[in-house]
Protein chains: 2
Amino acid sequence: MAGEAKWLEQDELASWMSLAALLFKLPGVLDFQLQRDSGLSHFEYLVLAGLSESPGRSRRMSELAGFANGSLSRLSHVVKRLEQRGFVERHPAEDDGRITVATITDAGYEMVVSAAPGHVTAVREYVIDALTPEQLTQLKTIADQILAKVDPGRPC
Amino acid sequence: MAGEAKWLEQDELASWMSLAALLFKLPGVLDFQLQRDSGLSHFEYLVLAGLSESPGRSRRMSELAGFANGSLSRLSHVVKRLEQRGFVERHPAEDDGRITVATITDAGYEMVVSAAPGHVTAVREYVIDALTPEQLTQLKTIADQILAKVDPGRPC
DNA sequence: CGCGCTTACTTGACGCTTCAACTCATCGCG
DNA sequence: CGCGATGAGTTGAAGCGTCAAGTAAGCGCG
């Protein structure tokens, strides 16, 4: 690789270690809470939440995949499982037969509604309450700056 | 769930969304870089890096699992694959036959040495260079505070 | 109007992680 | 010493994500 790879300074390293630990642990506890209290993976939750907020409680697959930050293939598998569990339905769009529209069922809707408060509470407990309002602002700025480097072509 | 689940305020939500995006994307690009340039997953890298820095380039399995933040079972599978690739060796400890000691081979050592600069460069590019020194300090403080809530029984 | 190209999704196979069983080795205690 | 309990790792099956290939519907141009 690069012949000139500068190792990290002590305080850079310390910051990175803290961030790395955060990157590893926070998703873990949030996933765990959802799975334990609602039997949903985080991705499944995002899918159901996305549908529940969409007009007609429906959305086409590729849009939904983008919303949930996953590949179309992944979404397809997940939606198949959610359909078997009775939380969503799939129908081809009337005007274009290539398009599949996923719709959340009443059972699915109740599932999100019951899962959401616990999830929000967990986010509040672990993140929001741990920080001062000022730190929250700093965090947003920091995260956005890193994201701009990581994924330059994204809105905001 | 909790009857009293307070939803997030607008700016809380915005900060959370940025953090959530970061949590999702940053591990992705870092993993991708390692995989592409060195053919190692992040976990494999951690295992090899952990061994390369240990006295005698060796460490017992359970210690190594803790270091790499993974289960013993996961480590066992991974080390088996790394052994098949010729990067590590496993031997029972002389004084206690229950213990397995993993040792990195020369090939494995060269692999970490060649992988490390690219990884460090990626961290620098995506994280360090995106922030001011002051923000790096803020980030460490923020991450540590969240981690204290998430995982109260951890050093520092 | 028909034939190839593109779009939108689905499917199957493979690899990795997890979970629960299982195998040994060692320790404690009578 | 013997034997159950505990500790350290390993293994196999099951589930999820990814990648590549497959299917089917629309579009476009001769």
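Keep in mind that the numbers below use all heavy atoms, side chains included, and drop hydrogens, waters and symmetry copies. Naming: A, B, ... by sequence-line order, numbering from 1 per chain.
- With distances taken from any side-chain atom of B:Arg74 to the nucleotides C:dT26, D:dG9, C:dT18, the minimum falls on C:dT18.
- Atom CD of B:Gln10 and atom OG of B:Ser15 lie 11.0 Å apart (nearest 0.5 Å).
- Counting to the nearest Å, the C1' atom of D:dT18 and the CZ atom of A:Phe43 are 12 Å from each other.
- Residue B:Arg90 has no polar side-chain atom (N or O) positioned under 4.0 Å from OP1 or OP2 of D:dG9.
- Although no hydrogens or angles enter the test, the distance criterion places a donor-acceptor pair under 3.5 Å between the side chain of A:Arg124 and the main chain of B:Trp7.
- Side-chain to base pairing of B:Ser73 with C:dC19: one donor and one acceptor N or O lie within less than 3.5 Å of each other.
- Atom CE in A:Met61 sits 9.5 Å away from atom OG in A:Ser73 (nearest 0.5 Å).
- With salt bridges taken as basic N to acidic carboxylate O contacts below 4.0 Å, one links A:Arg90 and A:Glu83.
- For A:Glu89 (side chain) and A:Thr103 (main-chain N/O), no donor-acceptor pair under 3.5 Å exists by modelled atom type.
- In this structure, B:Arg85 pairs ionically with B:Glu44, as a charged nitrogen and a carboxylate oxygen lie closer than 4.0 Å.
- Close to D:dG9, at under 4.0 Å from its OP1 or OP2, lies no side-chain N or O of B:Arg98.
- Between the side chains of A:Asp37 and A:Gln33, at least one donor N or O sits under 3.5 Å from an acceptor N or O.
- Distance CG (A:Leu75) to P (C:dC9): 9 Å, rounded to an integer number of Å.
- Taken from NZ in B:Lys6 to CD1 in A:Ile128, the straight-line distance is 10.0 Å, to the nearest 0.5 Å.
- Between A:Glu94 and B:Leu72, the residue whose closest nucleotide on DNA chain D is further toward the 5' end is B:Leu72.
- Rounded to whole Å, the distance from CG on A:Asp95 to P on C:dA8 is 12 Å.
- On a pure distance criterion of 3.5 Å, no polar donor-acceptor pair joins the side chain of A:Ser76 and the base of C:dT11.
- Distance check: B:Asp144 CG to A:Met17 CE gives 12.0 Å after rounding to the nearest 0.5 Å.
- Mapping A:Gly97 and A:Ser71 onto DNA chain D by nearest heavy atom places A:Ser71 closer to the 5' end of the strand.
- Residue B:Ile99 contributes atom CD1, which lies 15 Å from atom C1' of D:dT10 at whole-angstrom precision.
- Contact between the side-chain N/O atoms of A:Arg81 and the OP1/OP2 oxygens of D:dG17 is found at a separation under 4.0 Å.
- The distance from atom CG of B:Leu40 to atom P of C:dC16 is 12 Å, rounded to the nearest whole Å.
- Look at CG on A:Leu82: it is 13 Å from P on C:dT10, rounded to the nearest Å.
- Out of D:dT11, D:dA25, C:dT26, the shortest distance to the side chain of B:Lys80 is found at D:dT11.
- No N or O donor and acceptor, one from the side chain of B:His77 and one from the base of C:dG15, sit under 3.5 Å apart.
- Applying a 4.0 Å cut-off to non-hydrogen atoms, none of the residues of residues 56-70 of chain B approaches DNA chain C.
- Against DNA chain C, the stretch residues 23-32 of chain A makes no heavy-atom approach under 4.0 Å.
- When the C1' atom of C:dT17 is taken as reference, atom CG of B:Leu46 falls 16 Å away, rounded to whole Å.
- The list of ring-ring contact (aromatic ring centres under 6.0 Å, His included) pairs with a residue in residues 59-97 of chain B, not counting sequence neighbours, is empty.
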